[in-house]
Amino acid sequence: MQVRAILTSIVLMAGLGAALPSTAQTSADQLILDMQQAARRGDKARLAGLLPQVRGHVLEPWAAYWEARSRLEDFTSADMQAFSARYAGSYQEDRLRNDWLLLLGQRRDWGTFAAEHPQFRMGDDRQVRCYALLVDQLRSNQPASQVVAEDVRRLWLAQRDADDGCTQAAERLYATRRLPAEDVWRKARLSAEAGRGRATRDAVQIVAPEVLDQVGQLLDSPVRYLAGRSLAASKLRRELITLALVKLAASDPEQAAAALDSKWSVQLTAEERNWIWGTIGKQAAIRRSPSTWEYFSKVQRDTDLHDEMLAWKARTALREGQWKALTTTIQAMGDESRLDPTWIYWRARALQKIGSEADRAEALQLYESIASVRGFYEQLALEELGRKIEVPPPPPPLTPDEKALARSNPSLQRALYAIGMGLRSEGVREWNYATNLHSPGGMAERDLLAAAELACEREVWDRCINTSERTRQSIDFAQRFPMPLQDSVVPRSRAINLDPAFVYGLIRQESRFIMDARSHVGASGLMQVMPATARWTARKIGLADFTPGQINERETNIAIGTGYLKLVLDDFAGSLPLAAAAYNAGPGRPRVWRGQAGSPTLEAAIWAENIPFTETRDYVKKVVSNATNYAAILTGQPQSLKARMGSVGPLAAGAPDPSRELP
């Protein structure tokens, strides 16, 4: 990889008329790596000293960005203009302007912000967008239009953590009566539910600063706060009681339900009660409480709930077989959620179950609207229409001009070079900028296919896959579902009676075929194996003399990863969804999620949709969907996702417990 990076740099530098001998290039590459480390340490002097030595290097824009970012506090408009002139049109120019705009907003330097913001191309920073909307309000000295007010409201409610820009914009809207108090309290409730105390306080500061001390008390101990109150006679007191019950529900939904039923329900409005029951139901669903549907049934109007509550109510309705309630719950969702393939599919299923002939006709139309090979529910919709999953015909071949355009794109080239040097984070960010953000709407479909092919040729598989997946009309399975290392993966899988398609589906989701991938929890390599799991599996499969340092070696990682996957699959009697969940979340959790004796056996798609961890829920669906597409490629035959999913239920009565030895 390092050799390829050096050669790539020489070619690129030659194109600029500044090729260097390989030894000099290696030295220059090391200087770039040194600068990255200096940037992480905040070593301004080191960055300033090294920058002149990397002039002309293909990654000079990154070096210049790190150096400029280190002294941003002392930046002037002239500094920004000078950087823009030298690195015009680059990701680094726009990234630095993003940082600069955030600082200008924090300093309330609205004049400079207004001058700089029109040149900001990416436009993907919510806080910068909020600052821009605020500046427009301040400069116009007129009340915000309905469109602007709705934009601020949407951005502010979507921000998970507290931030200055959207909070300031919301405060301005509230002060000018363009943001109702109900929306400010909604933000406080959402933040309290998510355990984000600062964001909760920031919202209350806008609407009722005089009760901030009480907000601190109820966030610290909602039980103590509620015990010290007996009445909720005013609107303000009801909102505080609601916040306290929401905070309590996040940690103990049963206790919150008891408090609401026994004391507070009669004192609150229907909307407040519905929100609290929605919070209680959501938290109970995540904990798989048997009382979940009872809690959700106390909600009198679904439109009082936010979309995450509604999603958990819909999942619970699936588990309980409440098909009519499922349709009304989905209908109450906002447009973005309701039009997600997940809920389009389940609404269609519900209409088929309980609807009239007209409803069943609508269900077929809903299936047709999403049916394709591109995802889990899209594939299930295909099967509901009586079709199987097959490899789609490839798009027309790329022309030489289309390929040349991708190869000449400086951001794509910098990204590949950075990744080749080991600067994966920087390379991925620049690649995503080039494909998604440099131009409004991102690259056109043929340009995306050309960029994906360039990444495939360089064996940068994650960029190949992710870029190709962005096309809507043209689906190139060779790009979306590559199969590197076939000489290792296929024979090893078949030798232990493991479906290679399942292995490829898992690797694609785990690492995107990045050999040196490392997760935030310490999993390593192609198949993302944890160190303790690797040691245990090596002993089980007879891999002698294994050492942890071998986990990133290709053959060792595949041997251990497939060996462990086979043990997990056997442990769960061949169930792909359970095995995938175990691989991601550990085998203990899916043992609990499958239910105890007496629990119903569920269609596996319903079971998977009710997995309480968002990451694992998404993982299971994607791995089995991937495996279905890989099977179509490997066999050349139509495939069934439903057959791979099967059903999930508790162990049969009297059956021995599965092995507890698996880590």
*What do the steps show when you test Trp346 against Tyr377 for side-chain hydrogen bond (donor to acceptor under 3.5 Å, both in side chains), and what is the final call?*
CA-CA 9 Å; Trp346 287 119; Tyr377 283 112; 2.9 Å; yes
Partners of [X] by side chain to side chain donor-acceptor pair (under 3.5 Å), sequence neighbours excluded?
{"X": "Asn98", "answer": "Arg95, Asp125"}
{"X": "Glu272", "answer": "Arg238, Thr269"}
{"X": "Ser625", "answer": "Gln379"}

Kindly write out the residues that satisfy ring pair (Phe, Tyr, Trp, His ring centres under 6.0 Å) with [X], not counting sequence neighbours, or none if the list is empty.
{"X": "Tyr174", "answer": "none"}
{"X": "Tyr87", "answer": "Phe83"}
{"X": "Trp185", "answer": "none"}
{"X": "Trp431", "answer": "none"}

*Pairs flagged by salt bridge (charged side-chain N to carboxylate O under 4.0 Å, His left out) wherever residues 138-160 is involved - sequence neighbours left out*: Arg129-Asp151, Glu150-Arg153, Asp151-Arg154, Arg153-Asp183
*Output every pair passing salt bridge (charged side-chain N to carboxylate O under 4.0 Å, His left out) with a member in residues 111-122, not counting sequence neighbours, ordered by first then second residue.*
Glu93-Arg121, Arg97-Glu116
For [Y], is there an ion pair with [X] - N to carboxylate O distance below 4.0 angstrom?
{"X": "Lys44", "Y": "Glu73", "result": "no"}
{"X": "Arg480", "Y": "Glu469", "result": "no"}
{"X": "Arg338", "Y": "Asp307", "result": "no"}
{"X": "Glu60", "Y": "Arg86", "result": "yes"}
{"X": "Lys247", "Y": "Asp220", "result": "no"}
{"X": "Lys282", "Y": "Glu193", "result": "yes"}

Is the shortest heavy-atom distance from the side chain of [X] to the side chain of [Y] under 4.5 Å?
{"X": "Leu245", "Y": "Trp275", "answer": "no"}
{"X": "Leu47", "Y": "Leu51", "answer": "no"}
{"X": "Gln137", "Y": "Leu173", "answer": "yes"}
{"X": "Pro395", "Y": "Ile475", "answer": "no"}
{"X": "Lys187", "Y": "Trp156", "answer": "yes"}

State, to 0.1 Å, how close [X] and [Y] come at their nearest heavy-atom pair, and which atoms those are.
{"X": "Leu155", "Y": "Cys166", "result": "CB-SG, 4.1 Å"}
{"X": "Ala232", "Y": "Arg237", "result": "CA-CG, 3.4 Å"}
{"X": "Pro341", "Y": "Glu378", "result": "CG-OE2, 3.5 Å"}
{"X": "Ala332", "Y": "Asp302", "result": "CB-CB, 3.6 Å"}
{"X": "Ala451", "Y": "Met443", "result": "CB-SD, 4.2 Å"}
{"X": "Val207", "Y": "Ala181", "result": "CG2-CB, 3.9 Å"}

*Start with the C-alpha gap between Arg108 and Asp164, add the side-chain angles, then the distance that decides, and say whether salt bridge (charged side-chain N to carboxylate O under 4.0 Å, His left out) holds.*
CA-CA 11 Å; Arg108 311 294 189 256; Asp164 181 65; 2.6 Å; yes
Tell me if the [atom1] atom of [X] is crowded by more than 12 foreign heavy atoms within 6.0 Å.
{"X": "Glu336", "atom1": "CD", "value": "no"}
{"X": "Arg177", "atom1": "CZ", "value": "no"}
{"X": "Arg71", "atom1": "CZ", "value": "yes"}
{"X": "Lys235", "atom1": "NZ", "value": "yes"}
{"X": "Lys263", "atom1": "NZ", "value": "yes"}

Main-chain N/O of [Y] paired with [X] side-chain donor or acceptor, under 3.5 Å:
{"X": "Ser297", "Y": "Trp293", "result": "yes"}
{"X": "Asp94", "Y": "Met122", "result": "yes"}
{"X": "Arg126", "Y": "Ala158", "result": "yes"}
{"X": "Ser337", "Y": "Gly334", "result": "no"}
{"X": "Ser191", "Y": "Ala188", "result": "no"}

I'd like to check the side chain to side chain contact (heavy atoms under 4.5 Å, CB included) partners of [X]; sequence neighbours left out, ordered by chain and number.
{"X": "Ser411", "result": "Asn409, Arg414, Glu430, Tyr433, Ala434"}
{"X": "Ala450", "result": "Leu398, Ala406"}
{"X": "Asn432", "result": "Val428, Asn436, Arg463"}

*Any luck finding a side-chain donor-acceptor pair between Arg512 and Asn466 under 3.5 Å?*
yes
*Consider only side-chain N and O atoms of Gln159 and Gln127, and report whether a donor and an acceptor are under 3.5 Å apart.*
no
*asked:* One pair to check against side-chain hydrogen bond (donor to acceptor under 3.5 Å, both in side chains): Tyr345 and Glu609. What are the steps and the verdict?
replied: CA-CA 12 Å; Tyr345 174 81; Glu609 191 57 50; over 6 Å; no
*Can the ring centres of Tyr91 and Trp62 be said to be less than 6.0 Å apart?*
yes
*asked:* Let's go through Tyr619 and Gln509 carefully: what are the C-alpha distance in whole Å and the side-chain angles of both, what is the deciding distance for side-chain hydrogen bond (donor to acceptor under 3.5 Å, both in side chains) to 0.1 Å, and is it a yes or a no?
replied: CA-CA 7 Å; Tyr619 180 91; Gln509 188 60 26; over 6 Å; no
_Full working for side-chain hydrogen bond (donor to acceptor under 3.5 Å, both in side chains) between Gln168 and Arg172_ = CA-CA 6 Å; Gln168 289 297 317; Arg172 170 73 179 181; over 6 Å; no
*Run the numbers on Arg273 and Asp304 for salt bridge (charged side-chain N to carboxylate O under 4.0 Å, His left out), then give the verdict.*
CA-CA 9 Å; Arg273 288 195 301 271; Asp304 285 338; over 6 Å; no
*Have a look at Glu271 and tell me which of Arg186, Arg189, Arg301 forms a salt bridge (Lys or Arg N to Asp or Glu O under 4.0 Å) with it.*
Arg189
*Verify ring pair (Phe, Tyr, Trp, His ring centres under 6.0 Å) between Trp277 and Phe296, making sure each step is shown before the conclusion.*
CA-CA 6 Å; Trp277 282 122; Phe296 275 129; 10.0 Å; no
